[in-house]
Visitor: 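Could you have a look at this structure, given as structure tokens, before my questions?
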Amino acid sequence: MGCMSDAAKTKSADVAADPGRKSMDDIMALCKRRGFIFQASEIYGGINGFWDYGPLGAQLKKNLKDAWWQDCVLSPPTGPDGREVEMVGLDTCIIQHPKVWEASGHVGGFNDPRVDCKQSKGRYRADHLFVLQSTGKMLAKPMYAFIEGDEESEKRAYKLMAKYLKTNLPLPPDQTDVVPLAQIPLSEYHRLVGPDANEPGTLTEPRAFNLMFKTYVGATASEDDVAYLRPETAQGIFIQFKNVVDTSRVRVPFGIAQMGKAFRNEVTPRNFTFRSREFEQMEIEFFCHKDDAAKWYAFWRDWRLAWWRSIGLGSDNLQLREHDKDELAHYAKEGAGTSDIEYRFPFTYPGFGELEGVADRSDYDLRQHQEHARVKLEYFDTERGELAPNGQPKGERYLPNVIEPSAGADRGVLAVLCEAYTPDDTRPSKVYMKFHPRIAPIKAAVFPLVNKDGMPEVADKLARDLKKRYSIIETDAKQSIGKRYARMDEAGCPFCFTIDGDTLKDNTVTLRHRDTQEQERIGIDKVASFLGEKLGLQEN
Ligand code: ATP
């Protein structure tokens, strides 16, 4: 099974034609060469849609997830009401009672790949669609999809084609061609006009209706024992909502955060880790009263965008996109907010791909579980309701609204990798990975200039001191200092400290900055505080 789809490979010619575009080929090669990301099961030829993180990648991903947990759960932001947001963490199972997925709407009646039309809202079996395209002299950009065996639909396609070509029906048979949808590559979908649409590019790629991986619980493997690997972490939060409210001191509005693996049997995994079959999510379900939903939605949307910027996606490659009305998900109410935080990946360039979705899910999920489990999930809010004669509110019982910022850890890592990747304009083989220091897998390197004259001992001592406070400090005494710096530039290490002859005389070290390659001398006793400041940590 080949792993790297062609779509993931941004050809060098494209990159040369547009200097704003980075080469996905080169980024993937660096990920392999430096141990960020490997194909899963590579020695067996790989398995499509699965990726492993190597030593540098595992640390990078951990740093990203730690930053998310730190900033969302341990030290959450100030909310729109001026108070610190209330947030607790949760860690629920990948396998849950199968009824969870019936309630959530993930177990449906269909298992066939289908395409959706974003314009007409039509849903079609992918194997039931044919496509009319022009050939020969009458070349037309759009292609028209129609439903097999549906005469009206077929006629419509021919009519639209004739109109586009400014000609009359019948079209000369040698100038057109009809092929099954399966023969149209995804890269041409932007030319496809859906059977009930009037503009191209509104059909989604074919997706299995049921994307969930099935498994069996217990030894018998009978149909009664079917269970599913979770396709999102969110449902684990909803089904423990009551326990969290009953056992911790949280009060609405508050959030529950969870990160963990999710599995989707994507029909066409592609674009490196962007669309994989096993991936990790970082999700918040924020529970609030429905009257406050719009306020909290706007808050989370803006704060999550700012968060991605704060960890290094500061360029115009990051954008926020509010969904159009016709894109609203099944759970979203008319007028409720839904937006995507998007990154301009090399393979979506000049377009953008979703990094995180922020949605007002109304009370849909809690209501679904309340009905399916027949357990009351309402919250009793003592601060609301009519006033009693003593002037105190009588309280109000309600199902809270939910605002969900749902991010992908793997897509986050991929965006960070793409953003950091900076080839040297003057030396073609040289690359800098300009990670934000907080996310960088190696925080600092401590090098003896040469492996003698007391320098290794001083370097060792400094490295040992730093390691007590900061994770992953690299020490290396081999090779020339230039080669060691270059290695650190590729690994994305932001700062190198070099111990040389002068250090032994005046207790200063050379500090080399990755991004500017500038060097300066600082006191050896200032190294720890310098790093603390750069990594956003308080010195104690
Ligand atoms: P898409 O439209 O790209 O399939 P989605 O809207 O279905 O994504 P959500 O269900 O909102 O995605 O999931 C939340 C986040 O989980 C996404 O923003 C993305 O970062 C991540 N994610 C979803 N599917 C995948 C996947 N197959 N591989 C990697 N990450 C994924």
Visitor: Considering the options R411, R301, R304, which one meets the side-chain hydrogen bond (donor to acceptor under 3.5 Å, both in side chains) requirement together with E356?
Guide: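 The passing option is R304.
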Visitor: Yes or no on salt bridge (charged side-chain N to carboxylate O under 4.0 Å, His left out) for R270 and E205, after CA distance, side-chain angles and deciding distance?
Guide: CA-CA 12 Å; R270 63 185 180 285; E205 60 170 292; 2.6 Å; yes
Visitor: If you count the non-hydrogen atoms of other residues, nucleotides and ligands that lie under 6.0 Å from NZ in K32, is the total more than 12?
Guide: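 No, not enclosed.
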Visitor: Looking at the rings of F287 and Y379, which for Trp means the six-membered one, are their centres under 6.0 Å apart?
Guide: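 So the answer is no for these two rings.
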Visitor: Give the ring-plane orientation class for F146 versus Y158, where under 30° counts as parallel, over 60° as perpendicular and anything between as tilted.
Guide: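 Tilted.
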Visitor: Ion pair present between K290 and D292, side-chain N to carboxylate O less than 4.0 angstrom?
Guide: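 Looking at D292 together with K290, the answer is no, because their closest N to O distance does not fall below 4.0 Å.
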Visitor: When you check the side-chain N and O atoms of E419 and Y343, is any donor under 3.5 Å from an acceptor?
Guide: yes
Visitor: Would you say the ring centers of F286 and W296 fall short of 6.0 Å from each other?
Guide: yes
Visitor: When you check the side-chain N and O atoms of T233 and Q258, is any donor under 3.5 Å from an acceptor?
Guide: no
Visitor: Less than 4.0 angstrom from a charged side-chain N to a carboxylate O is my criterion; do D316 and R344 meet it?
Guide: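 So D316 pairs with R344 through a salt bridge.
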Visitor: So, D410 and K61, do they make that salt bridge, N to O below 4.0 Å?
Guide: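 Counted as a salt bridge, because a side-chain N and a carboxylate O are separated by less than 4.0 Å.
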Visitor: Flag the pair F347 / F274 as yes when their ring centroid distance falls below 6.0 Å, and as no otherwise.
Guide: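 Yes.
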Visitor: For residues Y432 and D424, is any side-chain donor paired with an opposing acceptor at under 3.5 Å?
Guide: yes
Visitor: Going by atom types alone, do D52 and Q39 pair a side-chain donor with an acceptor below 3.5 Å?
Guide: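 Side chains of D52 and Q39: no pair found under 3.5 Å.
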Visitor: Within the structure provided, determine whether M161 and L171 are in side-chain contact (heavy-atom separation under 4.5 Å).
Guide: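 M161 vs L171: side chains touch.
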Visitor: Taking the side chain as everything from C-beta on, heavy atoms only, tell me whether L203 gets closer than 4.5 Å to Y124.
Guide: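 They are in side-chain contact.
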Visitor: Give a yes or no on whether a salt bridge exists between K430 and D489, defined as a side-chain N under 4.0 angstrom from a carboxylate O.
Guide: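 Here K430 pairs with D489 in a salt bridge, since their nearest N and O are under 4.0 Å apart.
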Visitor: Would you sort out whether E188 and R191 count as a salt bridge (charged side-chain N to carboxylate O under 4.0 Å, His left out), showing the intermediate values?
Guide: CA-CA 6 Å; E188 296 301 310; R191 293 169 51 202; 2.6 Å; yes
